[in-house]
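Here is the structure we will look at.
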Protein chains: 2
Amino acid sequence: MTEQSTERPTLEAVAARAGVSRATVSRVVNGGDGVREPLVERVRQAVEELGYVPNQAARSLVTRRHDAVAVVIAEPETRVFADPFFALQLRGISKELTAHDSQLVLLLTEGRDDHARVARYLAGGHVDGALVFSLHLDDPLPGLIRGVPTVYGGRPGWSDGSRGAVYVDCDNRGGAREAVRHLVGLGRRRIAHITGALDQTSAVDRLDGYRDVMVDADPKLIEESDFSPAGGERAMRELLDRCPDLDAVFAANDITAAGALRVLRERGRRVPEDVAVIGFDDMLPVTERTDPPLTTVRQDIEDMGRLMARLLLRGLDRRTPGPESGPAGTPSSVVLPTTLVRRASA
Amino acid sequence: MTEQSTERPTLEAVAARAGVSRATVSRVVNGGDGVREPLVERVRQAVEELGYVPNQAARSLVTRRHDAVAVVIAEPETRVFADPFFALQLRGISKELTAHDSQLVLLLTEGRDDHARVARYLAGGHVDGALVFSLHLDDPLPGLIRGVPTVYGGRPGWSDGSRGAVYVDCDNRGGAREAVRHLVGLGRRRIAHITGALDQTSAVDRLDGYRDVMVDADPKLIEESDFSPAGGERAMRELLDRCPDLDAVFAANDITAAGALRVLRERGRRVPEDVAVIGFDDMLPVTERTDPPLTTVRQDIEDMGRLMARLLLRGLDRRTPGPESGPAGTPSSVVLPTTLVRRASA
DNA sequence: CCCGTCGTTGAGAGCGCTCCCGAAACGTTC
DNA sequence: GAACGTTTCGGGAGCGCTCTCAACGACGGG
């Protein structure tokens, strides 16, 4: 490991070199308003020569800002690693934070009762805000988060109507409706649905969308699953046994659909001739590699991440100016549209 | 967004409440050595009552420690999201850091020339150390990192012999040897190899391992690829066209192997009867879902992450005690063993 | 009985920065 | 030309913490 470099220069050192006061250097470093041009130049040069970098610790000690936000991923392992969902979202978040010179502190919960640790960290005031992925109805985390501006990824599912929580989600219900309508448009009548894990609002919303179109659907056409490939396979087998006459399947996400496709092939059903299949998410590595390529409902996951970060940062900015900028400053939730991507499977 | 909570208590406040000095409270908060038991108790209670949490900024200002390490992922998008490699490694790192009360600051590079930003951040002394994934031979990042203890994920590939860099890697070469030997043991003679991206040491090492066993291999049996599913498909087609008599394939990783399997099926070759296939990594979501299930070389990715963090933290501890603990304190690189996991494909 | 020693506590300096405020320099206006 | 803004800059306090050092008893040995 490389050795620690020599002593880092301080504001004081820069001031001395530029022949000005600490205060002036500080002003220049923070934008340079109210400092005359020649001085600005002199200070800039001194900063350059000494390779000065502000000490963030000293800075946050007085400003009480940290230029850092926490990203909390409180999912059980399964989903996090089964599909690149979070990776994409992180990418979006990272881009937005970088653009605002903020750092990303990643908190992964380890096991069931690790929430307290995360809550304590957030309460400790080490970050300016938090982006929380907590899509499960029974998740205790939201209740534990106090005193930290928070934006949720996906509509949180607590019972008392998401009491003013800010979240970013995609139009799960609308997207599901569009998918099922498309199947109807193809002349399919026995359209099955493999649900996601119903302790997540996304799964519930997609099911609702399905029901919106299939108002008098045969309940036997609905099989509960869990967003996993194995779950998709299981559900597909179940459905085929129960309703051999089904002619279409709307799966709650792509990897579930991929599992369904495997079972359909195994059972000798042709896709899309015998059974049309539609997924959800449009995870490219999945949808483009299935056989046949998967028709699906696209949501722009990276964009959701970016938007979450933007909402949070905006809320943070709002609390700086003026005394009590009021609730007008708090941003509200956003629901992003989805689009149907037609490939070969439906 | 929830409102910021009220003013946080300071050391001073705790001291006042416990009727002791700031120094004593500090001692108790940091372990309590050299403070008599009754006082410790009184302070502990005051801390509890006020809900005191140390201000990390103030603390690092004087200690120059941050209890945070940066994780730098400088991969182009493709690989990061194609397989859950980094997600698993992050999990391992996170576990180890959590156990040492350190935070994880995630830095994703955005695009080609974002290295400077990362280098600047690391040089800024905001973190105690860095874990860097930079597996490409031409990556400028390692050269830019100065003055921050760093552990690399995967053997860095710079030309001048990894000048003392500390890294954690798996035994790519040995694992490849074992895989190819296994194929030989199955009686296969025309064993092809689909390489990974050869600007990464892991790909080079696996190729070397293949060559170790196939000392006089027909060069036509080696096809260069890039670790991607699409690349695997392309390479497999190429190989089948060039060497129709091949009876086995060792692919540089699992998703490449999955691509190869698709092409083999498409071309009517039975696996493993006509062509045996082995992958590398043992990414469960991939290997267990291919048809047939994939024989592969397992590396414990999460463990690699954990080990990287442990190495870094150990190096950090070493620099605290005594004046000049010397180079004996610097940890050295680790190469983890691999194991062959037999499934149906070979 | 005095003095050195040890263990325990508190006072105070200072980490590097921001920001308030007052001084200085420079117009502007009547 | 005096009185009064208006910038522009520096002085200095202080953010919350750690850590050195001195003070202070208690205690045992000479």
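These numbers come from the heavy atoms of this one structure, side chains and all, not from hydrogens, waters or symmetry mates. Keep in mind that this is a model prediction, so the values were computed, not measured. The chains referred to below are lettered A, B, ... by the order of the sequence lines, with proteins before strands, and numbering in each begins at 1.
In this entry the distance linking CG of Leu61(B) with P of dG14(D) reads 17 Å, nearest Å. Separating the CD atom of Glu37(A) from the P atom of dT8(D) is a distance of 11 Å, rounded to the nearest angstrom. Atom pair Leu39(A):CG and dT7(D):P shows a separation of 17 Å (rounding to whole Å applied). Look at CG on Asp33(A): it is 18 Å from P on dT6(D), rounded to the nearest Å. Computed from coordinates, the Arg64(B) CZ to dC17(D) P distance equals 18 Å when rounded to whole Å. Distance, Arg22(A) CZ to dG12(D) P: 10 Å, rounded to whole Å. Straight-line distance from the CZ atom of Arg59(B) to the P atom of dT18(D): 5 Å, rounded to whole Å. Atoms CD (Gln56(B)) and C1' (dC17(D)) sit 10 Å apart, rounded to a whole Å.
Side-chain atoms of Arg310(B) do not come within 3.5 Å of backbone N or O of Glu96(B) as any donor-acceptor pair. The backbone N or O of Ala74(B) sits nowhere less than 3.5 Å from a side-chain atom of His115(B) that would complete a donor-acceptor pair.
Looking at Gln45(A) and Glu41(A), their side chains never bring a donor and an acceptor atom within 3.5 Å of each other.
Put simply, chain B comes within 4.0 Å of DNA chain C, heavy atom to any atom, from dT8(C) to dG16(C), going 5' to 3'.
Nearest-nucleotide positions on DNA chain C place Gly34(B) closer to the 5' end than the other of Val25(A) and Gly34(B).
For Ala18(B), the side chain to side chain contact (heavy atoms under 4.5 Å, CB included) criterion is met by Val20(B), Val43(B), Ala46(B), not counting sequence neighbours.
Between dC17(D), dG10(D), dA13(D), one nucleotide has an atom nearer to the side chain of Val20(A) than all others, and that is dG10(D).
In this structure the side chain of Leu61(B) reaches within 4.5 angstrom of the side chain of Asn55(A), judged on heavy atoms.
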Subject >> Chi angles and distances behind the side chain to side chain contact (heavy atoms under 4.5 Å, CB included) call for Tyr121(B), Val127(B) >> reply: CA-CA 9 Å; Tyr121(B) 179 76; Val127(B) 290; 3.9 Å; yes
